[in-house]
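Read through the structure below, which is laid out as structure tokens, and then see the notes.
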Protein chains: 2
Amino acid sequence: MSDSAKAFQTDEQFNQRLHTSGFRFTPQRQHVYNVLMETRDHPTADQVFIRSREGMPEISMATVYNCLDALVKSGLVRQVSLDRAATRYCPNMTEHCHFHCTDCGKIFDIDLDDKPSVPEAKLPRGFKPEQIEVSMRGHCPDKGCSGHSRN
Amino acid sequence: MSDSAKAFQTDEQFNQRLHTSGFRFTPQRQHVYNVLMETRDHPTADQVFIRSREGMPEISMATVYNCLDALVKSGLVRQVSLDRAATRYCPNMTEHCHFHCTDCGKIFDIDLDDKPSVPEAKLPRGFKPEQIEVSMRGHCPDKGCSGHSRN
DNA sequence: CTATCTATTTAGAATAATTCTAATTATTGA
DNA sequence: TCAATAATTAGAATTATTCTAAATAGATAG
């Protein structure tokens, strides 16, 4: 109600995005989004909740989860770890990456001959990676998964 | 006690690995490892627990977590999602990957000009990726993090 | 503009995943 | 063998996330 013209254009686009994905615009969603944009430091849902309450004291945790979910599904926000389910374990210590099938939920090992090296040159000065992980999501070749069925 | 000679050599190496990382050999650790090697399907800790009980009915959930942790720290097993903490959110929708600093816990956006494309040609027939994520762990440039301190 | 329909929000309960605790047991090394 | 330490166990505790039911808000048809 008090945010001024400068943000309006963005709000329009924001609105669009939500609508396209079948969500309504709500002040809570806008607020959660603003909170994320304000400090781009990869907060947890709980941190988002705490920050969101500053400008919107009545907001609930459930709403924060709901908003984050809507924002992710609208392509406005990303989850840093693709999956929020239980951790899985893998005894394959060779160079490989993981393919999560979004249809059947299975995880496949995909061998990589090119080991996933992000050349250090590309990293800002001072970053020293010790482990690089590549993961993919999509459809696996199993029957019913490869985009044959609607879901 | 009944596993035969073929596995012995492996056991030796297994033992070595644990010792090098400061862990003792225990039948539970061996068993959990065997369970993982038996069916390489990325089970959750809970699934490992259920399977482990088949050959070792007295094993507890806490031990399974303990064993998995020891195996991961010894480099014998990987966690599929690098982090088992709360999901984090990121409003940066440009092509980038994430760098987790193992010292300070911060997550940094790293821009990628080469978008992380695993050429479809490399994938086994039928896999259709829709999203590719690259993430790194290591030391960030912040003071005290870049390997200056021992940890 | 009002009634209605549906999406959203809310608080709090429920569930799921993981970690912690305290007592017991096993292993190592003097 | 004995002491010291590490690991295991059951179960409680914690944390992250999802669910539920009631209340509210927004869009739409009249």
What residues, two or more places apart in sequence or in another chain, satisfy ring-ring contact (aromatic ring centres under 6.0 Å, His included) together with A/Phe49? none
What pairs with B/Glu130 under side chain to side chain donor-acceptor pair (under 3.5 Å), at least two apart in sequence or on another chain? A/His139
Taking only residues two or more places apart in sequence, or in another chain, which ones meet A/Glu58 in a side chain to side chain donor-acceptor pair (under 3.5 Å)? none
Within the structure, does a side-chain N or O atom of A/Tyr65 lie under 4.0 Å from either OP1 or OP2 of D/dT17? yes
Have a look at the helix from C/dC1-D/dG30 to C/dA30-D/dT1 and give the angle its two end axes make, five pairs each, rounded to 10 degrees. 30°
Please identify each residue that fulfils side chain to side chain contact (heavy atoms under 4.5 Å, CB included) with A/Thr63, with sequence neighbours left out. A/Gln28, A/Ile59, A/Ser60, A/Cys67
Once base and sugar-phosphate atoms are separated, protein heavy atoms under 4.0 Å mark nucleotides 3-13 of chain C, 5' to 3', with B, S and - as ---BSSBBBB-
Measure CD/B/Gln30 against P/D/dA7 and give the value in whole Å, please. 15 Å
Heavy-atom side-chain proximity of A/Asp41 to A/Gln47 below 4.5 angstrom: no
Atom-to-atom span, CG of B/Leu68 to P of C/dT19 - whole angstrom: 10 Å
Mind checking what makes salt bridge (Lys or Arg N to Asp or Glu O under 4.0 Å) contact with B/Asp109, not counting sequence neighbours? none
In whole angstroms, how far is the P atom of C/dT27 from the CG atom of B/Leu18? 14 Å
If I take atom CG in residue B/Asp46 and atom P in nucleotide C/dT19, what distance separates them, rounded to the nearest angstrom? 14 Å
Taking side chain to side chain contact (heavy atoms under 4.5 Å, CB included) as the test, write out the residues that go with B/His31, two or more places apart. B/Val35, B/Ser52, B/Met56
Take the protein atom CG of A/Asp69 and the nucleotide atom P of D/dT17, then report the distance between them rounded to whole Å. 12 Å
Partners meeting salt bridge (Lys or Arg N to Asp or Glu O under 4.0 Å) with A/Arg17 (sequence neighbours left out): none
